Amino acid sequence: MKLYYAPGTCSLAPHIVANEAKIALDLERVDLGKTPRLTGSGADYASINPNLYVPALRLDDGAILTEGVAIMQYLADYEPENKLVPPPGTLARVRLEQWLVFISTELHKMYSPWLFHPEYGAQAQDVARAKLAQRLAYVDAQLATNGPFLLGLDFSPADAYLFTIVGWSQFTKVDLSSFTYLRALMDRVAARPAVREAMLAQGLQVKDPVAAA
Ligand SMILES: N[C@@H](CCC(=O)N[C@@H](CS)C(=O)NCC(=O)O)C(=O)O
């Protein structure tokens, strides 16, 4: 399987999930900064995902899967013995889906594009930051009572996704200082070997493991 990714974007989350599930992925970088968007092998990314965004996953039979939430669940289910996700049909699995959708719609799409494009104006950014402050306070409160991970005691793809998206806070001036449990989750996820390997493979900076533990 091949993951199309761009460093520092949401495509880090399925990469982490693959590492946690011990799935060896081929990686192909997409240059999001140029038109047309080319991949590392020189392909026009429009022929892989006509919507032009990462991540996309090429399956071994050539089929293309898009949407990070779907890709993460596909990867986690691919190696069920690693128990990264609760079994389909259980309430726990629906809780996972609840978190994945929440992160996608209430966090991911609030940081991006609004906080990455100053040209959208201060008002749009103020609204996005205010919404994020409320949503992140909710996550923090959930972690305080049901943590240390989003599903409780066990790491899941929801934590990989949350880590990836909330990791944008420093670049987008989203203040996490009052979210003690969320910051603890960020450090806990950052210290996981599978996460560090994914970040290093994408050329991202990783924290000192002792400091992050
Ligand atoms: N709905 C997609 C959105 C993915 C997305 O927003 N990808 C961003 C990087 S985090 C991207 O590639 N943006 C470039 C673009 O939209 O043109 C998903 O959840 O996978």
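All values derive from a computational prediction rather than experimental measurement. Start at 1 and go down the list; that is how both ligands and their atoms are numbered.
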Q: Show which residues join V30 in its hydrophobic cluster (side-chain heavy-atom contacts under 4.5 Å, direct or indirect), or state none.
A: Y4, L32, Y45, I48, V54, I64
Q: Check the surroundings of atom OH in Y78: do more than 12 heavy atoms from other residues, nucleotides or ligands lie under 6.0 Å from it?
A: no
Q. Applying a heavy-atom distance cut-off of 4.0 Å, which protein residues contact ligand 1?
A. T9, C10, L32, R37, Y53, V54, P55, E67, G68, H108, K109, W168
Q: Keeping the roles fixed (side chain from T90, backbone from P86), state whether a donor-acceptor pair exists under 3.5 Å.
A: no
Q: Would you please test Y111 and S169 for side chain to side chain donor-acceptor pair (under 3.5 Å) and show each step?
A: CA-CA 8 Å; Y111 280 91; S169 299; 2.8 Å; yes
(Q) The criterion is side-chain hydrogen bond (donor to acceptor under 3.5 Å, both in side chains); which residues satisfy it with Q98, sequence neighbours excluded? (A) R95
Q. Linking Ile, Leu, Val, Met, Phe, Trp and Tyr by side-chain heavy atoms under 4.5 Å, what else ends up with V127?
A. none
